[in-house]
Q: 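Pasting a structure below so you can have a look.
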Protein chains: 2
Amino acid sequence: MLSENEQSSVGKPTGLILPLQRATHATLRLLAARLADENLTPSEINALANLADGRVRSVGEVAALTGTKPTTLTSVLDRLSGRGYLRRELDPADRRSFLLHLSPEGDRVARLARAAIESIEEAATASLAQADVAGFIKVLRALEEVSQ
Amino acid sequence: MLSENEQSSVGKPTGLILPLQRATHATLRLLAARLADENLTPSEINALANLADGRVRSVGEVAALTGTKPTTLTSVLDRLSGRGYLRRELDPADRRSFLLHLSPEGDRVARLARAAIESIEEAATASLAQADVAGFIKVLRALEEVSQ
DNA sequence: TATTGTTATACTCTATAACTATA
DNA sequence: TATAGTTATAGAGTATAACAATA
């Protein structure tokens with residue numbers, strides 16, 4: 001008899017994507033709850049967290065980092081911009097493109113988002129081996145790669 | 001000087017949740033594209049795939065498996081039911097609860113969804129070690145657990 | 001001609017609150 | 001009283017097509 005994780009023959013990788021979506025939903029909800037004071041939606045958190053390192057990025061770059069399309073980002077950026085968290089500035093090097101600049105207040109919230117994310121990550125991986133985390137990242141990258 | 005992925009002290013697990021969301025977006029889109037003939041949304045695919053093993057489940061159970069709330073599922077189930085893919089049947093053991101039964105056609109589509117998922121999983125993990133996949137699952141479970 | 005990003009548009013996703021039926 | 005699930009409602013997420021500006 002085989003256990004649930006070794007169902008069939010050799011290393012059949014069943015049950016990666018469904019748990020992936022489940023975990024994404026769960027972490028998204030927790031994240032929004034932890035940041036309830038800032039009243040941020042998952043997409044807003046995601047966008048801010050991807051700008052939290054202080055680097056200026058274009059809309060397209062943030063779209064790629066969040067895994068969405070520029071068109072999806074527009075309304076998110078509108079809201080963040082409306083709150084004064086960031087502003088769009090024409091890229092002098094390519095005037096079709098906008099560079100996203102965080103305001104000091106936006107930077108504060110972005111750091112908060114990043115900290116909340118790291119706190120969850122640390123809690124989750126505290127009792128796991130480094131090799132497991134490394135495997136996690138490898139599989140994630142592979143899933144991304146085949147999904148391009 | 002430290003690289004971006006080793007910012008602070010020891011094995012700080014930075015960069016799990018952001019890539020998680022990115023990979024989720026990417027796989028969701030690929031999945032919908034692969035199943036374009038069936039015209040299914042990500043949530044419909046997710047629900048069906050979680051019923052594809054032929055087991056009868058309640059709305060609440062599928063909600064837990066997909067990582068959403070029952071209220072979110074209602075419209076998804078309405079659409080699937082409207083297409084004749086499943087029907088809600090009162091649970092005789094608890095008449096507040098509905099059991100979800102796939103029709104033969106629903107079962108066909110659910111298997112298709114499951115197969116598409118497995119195909120992506122196999123492509124992604126083909127060149128990875130079993131230990132990496134095992135680590136992936138462990139981290140996923142841990143993230144879910146701390147996010148309850 | 002091709003690309004960046006927005007606008008217009010159309011659905012889907014998501015959840016809270018209120019409700020019904022059952023436990 | 002508590003729980004399962006729906007309905008009503010409101011807003012956020014998602015993408016395609018059309019467009020303007022720039023490359």
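Protein chains get the first letters and strands the later ones, always in sequence-line order, with residue 1 at the start of each. None of these values were measured; they are calculated from a predicted model.
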Q: Should we say atom CZ of Arg88(B) is surrounded by more than 12 heavy atoms from elsewhere, each under 6.0 Å from it?
A: yes
Q: Please find the pair of heavy atoms, one from Ala63(A) and one from Pro70(A), that lie closest to each other, and give the distance.
A: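 Result for this residue pair: CB-N, 3.8 Å.
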Q: Treat each ILVMFWY residue as a node, draw an edge where side-chain heavy atoms are under 4.5 Å apart, and state whether Leu73(A) and Leu65(A) are in one component.
A: no
Q: Name the residue closer to the 5' end of DNA chain D, choosing between Thr41(A) and Thr74(B) according to the nucleotide with the nearest heavy atom.
A: Thr74(B)
Q: Pull out every residue in residues 46-55 of chain B that has a heavy atom closer than 4.0 Å to any atom of DNA chain D, ordered by number, or say none.
A: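 The stretch gives none, as no residue of it lies under 4.0 Å from the strand.
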Q: Figure out the CG/P separation between Leu80(A) and dT6(C), and round it to whole Å.
A: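 Interatomic distance, CG of Leu80(A) to P of dT6(C): 12 Å.
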Q: Is the shortest side-chain N to carboxylate O distance from Arg141(B) to Glu144(B) below 4.0 Å?
A: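 No, no charged N to carboxylate O under 4.0 Å.
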Q: Does CD in Glu89(B) sit with more than 12 non-hydrogen atoms of other residues, nucleotides or ligands closer than 6.0 Å?
A: yes
Q: Provide, to the nearest angstrom, the distance between the CG atom belonging to Leu77(A) and the P atom belonging to dT7(C).
A: 11 Å
Q: Atom pairs under 3.5 Å, N or O on each side, protein against nucleotides 15-17 of chain D: can you list them with distances?
A:
residue	atom	partner	partner atom	Å
dA15(D)	OP1	Arg29(B)	NH1	2.5
dA15(D)	OP2	Thr72(A)	OG1	3.0
dT16(D)	O4	Thr71(A)	OG1	3.0

Q: Run the salt-bridge test on Arg83(B) and Glu38(B) with the 4.0 Å N-O cut-off and return the result as yes or no.
A: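 Between Glu38(B) and Arg83(B) there is no salt bridge, as every charged N stays at least 4.0 Å from the carboxylate O atoms.
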Q: Please determine, by modelled atom types, if Thr66(A) and Thr68(A) share a side-chain donor-acceptor pair under 3.5 angstrom.
A: yes
Q: When the distance from CG of Leu73(B) to C1' of dT12(C) is rounded to whole Å, what number comes out?
A: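 From Leu73(B) CG to dT12(C) C1': 13 Å.
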Q: Check each of Asp132(B), Val139(B), Leu140(B) against Phe136(B) using the side chain to side chain contact (heavy atoms under 4.5 Å, CB included) test, and report the only one that passes.
A: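 In the set Asp132(B), Val139(B), Leu140(B), the residue that makes a side chain to side chain contact (heavy atoms under 4.5 Å, CB included) with Phe136(B) is Leu140(B).
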Q: Ile117(A) vs Arg34(A), test: side chain to side chain contact (heavy atoms under 4.5 Å, CB included). Steps then yes/no.
A: CA-CA 9 Å; Ile117(A) 288 172; Arg34(A) 290 266 179 96; over 6 Å; no
Q: What are the two closest heavy atoms between Ala47(A) and Val76(A), and how far apart are they?
A: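 The answer is CB-CG1, 4.3 Å.
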Q: So Val109(A) and Glu44(A), side chain to side chain contact (heavy atoms under 4.5 Å, CB included) or not? Walk me through it.
A: CA-CA 10 Å; Val109(A) 179; Glu44(A) 289 162 2; over 6 Å; no
Q: Strictly below 4.0 Å: does Arg79(A) bring a side-chain N or O up to OP1 or OP2 of dG13(D)?
A: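 For dG13(D), OP1/OP2 do have a side-chain N/O of Arg79(A) under 4.0 Å.
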Q: Any residue in residues 86-103 of chain A with a heavy atom nearer than 4.0 angstrom to DNA chain D? Just list them by number, or reply none.
A: Asp94(A), Arg95(A), Arg96(A)
